[in-house]
Amino acid sequence: MSIPPIQPFLWGTATASYQIEGAVCEDGRAPSIWDTFSHTPHKIERSETGDIACDHYHRHIEDIELMRHLGVQAYRFSISWSRILPTGKGKENAPGFDFYNRLVDDLLAAGITPFVTLFHWDLPQTLQDQGGFASRDISGWFSDYAVKTTERLGDRVANWIMLNEPSVFAFLGHATGVHAPGIADLKTFFATTHHLNLAQGAALQALRSNNASWKLGTTLNIHRGVAADGSEDSTRMAERHNDLWNASFLEPLLSGTYPARILPEVEPYIRAGDLKLIRQPIDFLGVNHYFRAYIQAKPDALIGYEQVAPPPPLPRTSFEWEINPGEFRDLLLELRERYQCPPIYITENGAYFDDVLSEDGKVHDANRIAFLDGYIKAMQEARERGVDIRGYFVWSLLDNFEWASGYRPTFGLVKVDFNTQRRIPKDSYYWYRDLIRQQCA
Ligand code: IFM
């Protein structure tokens with residue numbers, strides 16, 4: 001079955017600052033928590049860092065050319081907070097803004113609409129030293145940063161995404177500690193969860209009052225958890241996972257409450273007026289989706305459970321993530337049924353497969369093509385059944401720095417040879433180009 005054209009609709013790709021930019025010490029940029037974390041021994045596979053990454057800071061023109069030939073109508077990227085405000089607040093770093101000004105201008109000249117994420121995890125280290133997201137002050141720091149950024153770029157950028165995947169940032173950064181800032185503490189985790197919501201609310205409110213024509217949204221990583229075994233404990237923990245991972249971010253934003261089972265743990269951090277501030281109207285919800293989570297009770301784990309590999313014989317990506325497009329469709333349908341959901345953009349979807357550079361110099365990633373084909377068709381089914389989906393962004397344009405796993409996991413439509421920085425479009429790149437052409441014909 002081919003995918004019938006859906007219009008109006010934006011086809012795009014996505015990246016994030018620390019994962020692709022490199023140039024970490026250039027033009028006044030100061031360290032973020034990911035610079036600190038990646039330079040700490042034993043935190044990242046093979047001790048890799050984002051120091052150079054895809055060198056996008058120096059190669060953005062080539063990367064935009066790749067997007068132009070791909071035919072995407074939109075590109076989602078994020079701003080490195082410490083590149084434009086090295087101390088996180090106060091004095092602006094003009095060369096940092098210059099880079100994003102050039103990037104936006106060059107995108108627009110190529111006919112590509114920018115979708116800008118304000119926070120994709122690379123918090124300025126100076127702010128972490130003052131408490132980071134465990135501190136309520138983050139709400140003011142983040143909204144000031146959001147205001148400054150939108151003041152500089154908002155004459156050309158209309159679509160603003162406040163946060164990327166706050167659940168991942170809270171969980172992996174503050175509960176399991178496998179991501180920056182590397183904290184594993186339950187109180188910090190719940191404070192961070194609430195302060196992410198609070199910071200987002202404050203920024204949304206400030207930006208809305210500055211320019212009513214901007215399209216404001218946020219991006220959540222949404223996946224449903226299921227019990228990995230038939231035990232009562234794992235079933236209860238799967239519910240806890242759904243509360244912590246999905247509902248703790250969806251419900252405050254869309255319904256003005258925390259899930260009842262979680263409330264007692266977040267309550268110590270909530271002050272009068274917080275829930276009202278958090279429940280801001282948004283123009284769109286960004287949904288990132290990769291897999292369904294298999295949850296197993298683990299009483300000695302900080303949050304009471306762990307995520308385990310899906311049971312055989314389900315197909316999986318090279319990350320051991322279940323491949324299940326029907327689950328993606330059902331999740332989108334559930335979002336529409338459970339919440340008063342604004343229009344949705346799929347702001348990330350894609351897969352890591354171990355790519356092979358063939359003797360003909362190409363990457364024949366049929367597995368990634370099959371993955372994208374299945375997930376795009378599932379999205380289309382959800383759309384036909386009434387879910388208001390306005391766009392789809394493949395994660396990712398380029399192979400890049402996959403956080404604690406370094407450069408091994410490759411998600412790109414374009415292979416990057418990290419020794420030479422040569423870009424090699426994979427078969428999936430040409431497949432996506434043809435899909436876009438067919439969709440937009
Ligand atoms: O690389 C990440 C991205 O930064 C956030 N969403 C998931 C991707 C793949 O793990």
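When reading the values below, keep in mind they use all heavy atoms of this one structure, side chains included, and skip hydrogens, waters and symmetry mates. Numbers here are sequence positions counted from 1. Start at 1 and go down the list; that is how both ligands and their atoms are numbered.
Aromatic ring centroids of His194 and Tyr258 lie under 6.0 Å apart. Taking the six-membered ring wherever Trp is involved, the centroid distance between the rings of Tyr18 and Phe401 falls below 6.0 Å. A centroid separation of 6.0 Å or more is found between the aromatic rings of His195 and Phe142. Taking the six-membered ring for Trp and the full ring otherwise, Phe9 and Trp11 have centroids separated by under 6.0 Å.
At a heavy-atom cutoff of 4.0 Å, ligand 1 is contacted by no atom of Tyr352, backbone or side chain. Neither the backbone nor the side chain of Phe319 has a heavy atom within less than 4.0 Å of ligand 1.
Salt bridge absent: Arg29 and Glu21 never bring a charged side-chain N and a carboxylate O closer than 4.0 Å.
Distances between N or O atoms of Asn400 and those of ligand 1 include no value under 3.5 Å. Geometrically, ligand 1 and Gln19 share a nitrogen or oxygen pair separated by less than 3.5 Å. Between Glu165 and ligand 1, at least one pair of N/O atoms sits closer than 3.5 Å. Between Asn221 and ligand 1, no pair of N/O atoms sits closer than 3.5 Å.
Close approach of ligand 1 to His120 (heavy-atom distance below 4.0 Å) involves ligand atoms 3 (C), 4 (O), 5 (C). Residue contact check: Trp321 has heavy atoms under 4.0 Å from atoms 10 (O) of ligand 1.
The aromatic rings of Phe411 and Tyr290 sit perpendicular, their planes meeting at an angle over 60°, well past the 30° parallel limit.
The closest protein non-hydrogen atom to atom 1 (O) of ligand 1 is Glu402 OE1, 2.6 Å. Scanning the protein heavy atoms around atom 7 (C) of ligand 1, the nearest turns out to be Glu348 OE1, 3.2 Å.
Cation-pi geometry between Arg152 and Phe97 is satisfied (NZ or CZ under 6.0 Å from the ring centre, within 45° of the ring normal).
Ligand 1 has at least one atom lying under 4.0 Å from a heavy atom of Trp403.
Residue Trp34 is tested with Phe169, Trp81, Trp403, Trp121 for a ring pair (Phe, Tyr, Trp, His ring centres under 6.0 Å); the sole match is Trp403.
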